[in-house]
Amino acid sequence: MLQLGTYHTLEIIKEREQGVYLSDDQGTEVLLPNKYVPESYQIWDKLDVFIYLDHDERIVATTLKPYVTVNSFAYLKCTNVSDIGAFLDWGLEKELFVPFKEQASKMRVNSWYLIYMYVDEDSNRLVASSKTNKFLDNKLVLLSPFDEVSLIASHPSPHGWNMIVNQQYLGLVYSDEIFQKITVGDQFQGFVKKVRPDGKIDLTLQRHGYRGIEPNAEQILKELQASGGFIDLNDKSDPEDIKAVFQLSKKSFKKAIGNLYKERKIIIEKDGIRLVE
């Protein structure tokens with residue numbers, strides 16, 4: 001069965017004036033218009049195509065690759081606003097529709113928005129919503145501490161940045177774990193610090209705990225080598241100075257240099273740390 005908003009691998013089964021027809025294993029046919037037909041092909045060749053509705057609301061295939069697939073999030077630009085809603089550029093000729101009722105705030109042309117794309121049950125059309133939180137569910141979080149996860153920056157909070165986690169959950173990176181500029185729609189790989197009993201997820205953009213010591217320590221060693229074997233920072237230094245040099249929190253820095261000290265790779269001096277020759 002062909003599903004709107006997804007990729008399918010289909011066979012070319014026949015040629016017609018308007019293009020070629022493709023079929024899935026169940027015999028469902030769909031048109032691939034001439035503008036997307038490869039220059040060279042044979043009947044029964046297989047093509048990877050994306051399925052959506054054209055301007056006439058017909059199910060068609062395309063070899064273009066949109067910026068978002070069904071039931072997922074993306075950061076898209078508004079290209080037009082009409083009396084029925086807004087339209088977003090998602091990489092295809094027919095723009096993606098956002099009804100007014102699905103706009104968290106009134107959309108404006110040339111502005112960018114984090115959206116979720118889904119199939120509207122009433123119209124059976126692909127539509128988008130910028131009310132993204134309603135598509136996230138933390139009732140049953142199947143994650144554990146130290147899990148690596150994919151993150152999309154959703155919106156800032158007084159405590160840090162809210163993140164969409166694995167396209168399923170909402171989590172938070174606290175301000176003291178952020179060492180770079182973040183804007184809505186940015187994508188990262190991050191790590192789970194804690195899953196709370198109420199389903200809230202604490203995140204970090206750095207490996208943490210005992211698993212975080214090795215990469216942080218390696219980073220400090222490289223900085224020491226590049227600085228001639230000495231850096232005027234230690235466990236008593238100001239957190240902002242540590243952040244400026246290593247992009248680490250003071251807590252992570254102290255753990256890393258403690259590990260290096262135990263391994264006898266550095267000496268912790270009164271005014272800094274020194275590489276053991």
| task | Start with the C-alpha distance between I43 and E15, add both sets of side-chain angles, then the distance that settles side chain to side chain contact (heavy atoms under 4.5 Å, CB included), and finish with yes or no. | result | CA-CA 8 Å; I43 299 298; E15 301 170 312; 4.1 Å; yes

| field | side chain to side chain contact (heavy atoms under 4.5 Å, CB included) assessment of V184 paired with W161 | value | CA-CA 9 Å; V184 176; W161 265 89; 3.9 Å; yes

| task | Could you tell me the separation between the CD1 atom of I257 and the CD1 atom of I242, rounded to the nearest 0.5 Å? | result | 7.5 Å

| remark: Of all heavy-atom pairs linking S237 and D232, the shortest is OG-O, 4.3 Å

| field | Main-chain N/O of Q3 paired with H8 side-chain donor or acceptor, under 3.5 Å | value | yes

| Lys/Arg N to Asp/Glu carboxylate O, D202 vs R196, below 4.0 Å | yes

| query | Which pair of non-hydrogen atoms, one from A128 and one from E102, has the smallest distance, and what is that distance? | reply | O-CB, 3.7 Å

| field | Approximate separation, where rounding is to 0.5 Å, of T62 OG1 and L47 CG | value | 11.0 Å

| Are I152 and Y67 connected in the hydrophobic side-chain network, where two residues link if heavy atoms are under 4.5 Å apart? | no

| request: List the steps, then state whether side chain to side chain contact (heavy atoms under 4.5 Å, CB included) holds for F188 with M163. | output: CA-CA 10 Å; F188 310 92; M163 298 280 176; 3.9 Å; yes

| message | Less than 4.5 Å apart, side chain to side chain, heavy atoms only: is that true for L2 and D24? | response | yes

| Exam field: side chain S175 to backbone H159, donor-acceptor pair closer than 3.5 Å | yes

| Side chain proximity check, I266 to I220, heavy atoms < 4.5 angstrom | no

| message | Would you say that more than 12 heavy atoms from the other residues, nucleotides or ligands in this model lie under 6.0 Å from the NZ of K265, or not? | response | no

| message | Using side-chain heavy atoms (C-beta onward) and a distance below 4.5 Å, is K134 in contact with S129? | response | yes

| request: Assess the side chains of Y52 and E93: does a donor N or O sit below 3.5 Å from an acceptor N or O? | output: no

| message | Counting neighbours of CD on Q180 that are heavy atoms of other residues, nucleotides or ligands and sit closer than 6.0 Å, is the number greater than 12? | response | yes

| task | Determine yes or no for a side-chain-to-main-chain donor-acceptor pair under 3.5 angstrom, with S252 supplying the side chain and S249 the backbone. | result | no

| Is the number of heavy atoms from other residues, nucleotides or ligands under 6.0 Å of K14 NZ greater than 12? | yes

| query | Which pair of heavy atoms, one from T132 and one from L114, lies closest together, and at what distance? | reply | CG2-O, 3.6 Å

| said: Could you measure the distance from the CG atom of L205 to the CD1 atom of I182? Nearest 0.5 Å is fine. | reply: 5.5 Å

| Pairwise distance CD1(I231) to CD(Q225) - rounded to 0.5 angstrom | 10.0 Å

| remark: d(D241 CG, K243 NZ) to nearest 0.5 Å is 12.0 Å

| Is a side-chain donor or acceptor of D186 paired with a backbone partner of T183 at a separation under 3.5 angstrom? | yes

| field | Test item: Q167 side-chain N/O and F73 main-chain N/O as donor-acceptor pair under 3.5 Å | value | yes

| When hydrophobic residues are tied together by side-chain contacts of less than 4.5 Å, even through go-betweens, does V127 share a cluster with L88? | no

| note | One should read off an interatomic distance between N133 CG and I164 CD1, to the nearest 0.5 angstrom, of 7.5 Å

| message | Can you confirm whether more than 12 heavy atoms, excluding those of K131, are under 6.0 Å from its NZ atom? | response | yes

| query | Are E57 and K94 close enough for a salt bridge, meaning some N to O gap below 4.0 Å? | reply | yes

| query | Ion pair present between K139 and D137, side-chain N to carboxylate O less than 4.0 angstrom? | reply | no

| query | Side chains of L203 and V173: closer than 4.5 Å at any heavy-atom pair? | reply | yes

| Between M107 and Y113, what is the shortest heavy-atom contact and its length? | CA-OH, 3.2 Å

| query | Linking I/L/V/M/F/W/Y whenever any side-chain heavy atoms sit under 4.5 Å apart, do I178 and L172 land together? | reply | no

| task | Look at the side-chain heavy atoms of Ile, Leu, Val, Met, Phe, Trp and Tyr, link any pair under 4.5 Å apart, and say whether Y261 and F230 land in one connected group. | result | no

| said: On a heavy-atom basis, which atom in F135 and which in Y118 lie closest, and how many Å separate them? | reply: CZ-CE2, 3.8 Å

| For the side chain of Q189 and the backbone of E148, is there at least one donor-acceptor N/O pair under 3.5 Å apart? | no

| message | I need the minimum non-hydrogen distance between F246 and L233, along with the two atoms involved. | response | CE1-CD1, 3.7 Å

| said: With a 3.5 Å distance limit and no angle check, can you tell me whether N234 reaches the backbone of E269 through a side-chain donor-acceptor pair? | reply: yes

| task | Please tell me if the side chains of F97 and I84 come closer than 4.5 Å, counting only heavy atoms from C-beta onward. | result | yes

| query | Mind checking whether V119 and N124 have side chains closer than 4.5 Å, heavy atoms only? | reply | yes

| Yes or no on side chain to side chain contact (heavy atoms under 4.5 Å, CB included) for I115 and L96, after CA distance, side-chain angles and deciding distance? | CA-CA 11 Å; I115 60 89; L96 183 60; 4.2 Å; yes

| query | Do the side chains of K65 and Y7 get nearer than 4.5 Å, heavy atoms only? | reply | yes

| query | Linking I/L/V/M/F/W/Y whenever any side-chain heavy atoms sit under 4.5 Å apart, do V68 and F50 land together? | reply | yes

| message | For D198, is the CG atom crowded, meaning more than 12 foreign heavy atoms sit under 6.0 Å from it? | response | yes

| field | Short side-chain to backbone donor-acceptor contact, D56 and R58, under 3.5 Å | value | no

| field | N/O donor-acceptor pair under 3.5 Å between N216 side chain and F253 backbone | value | no

| Any sub-3.5 Å donor-acceptor pair from Q103's side-chain atoms to V98's backbone N or O? | yes

| query | With side chains defined as the heavy atoms from C-beta onward, is the minimum distance between I267 and V276 less than 4.5 Å? | reply | yes

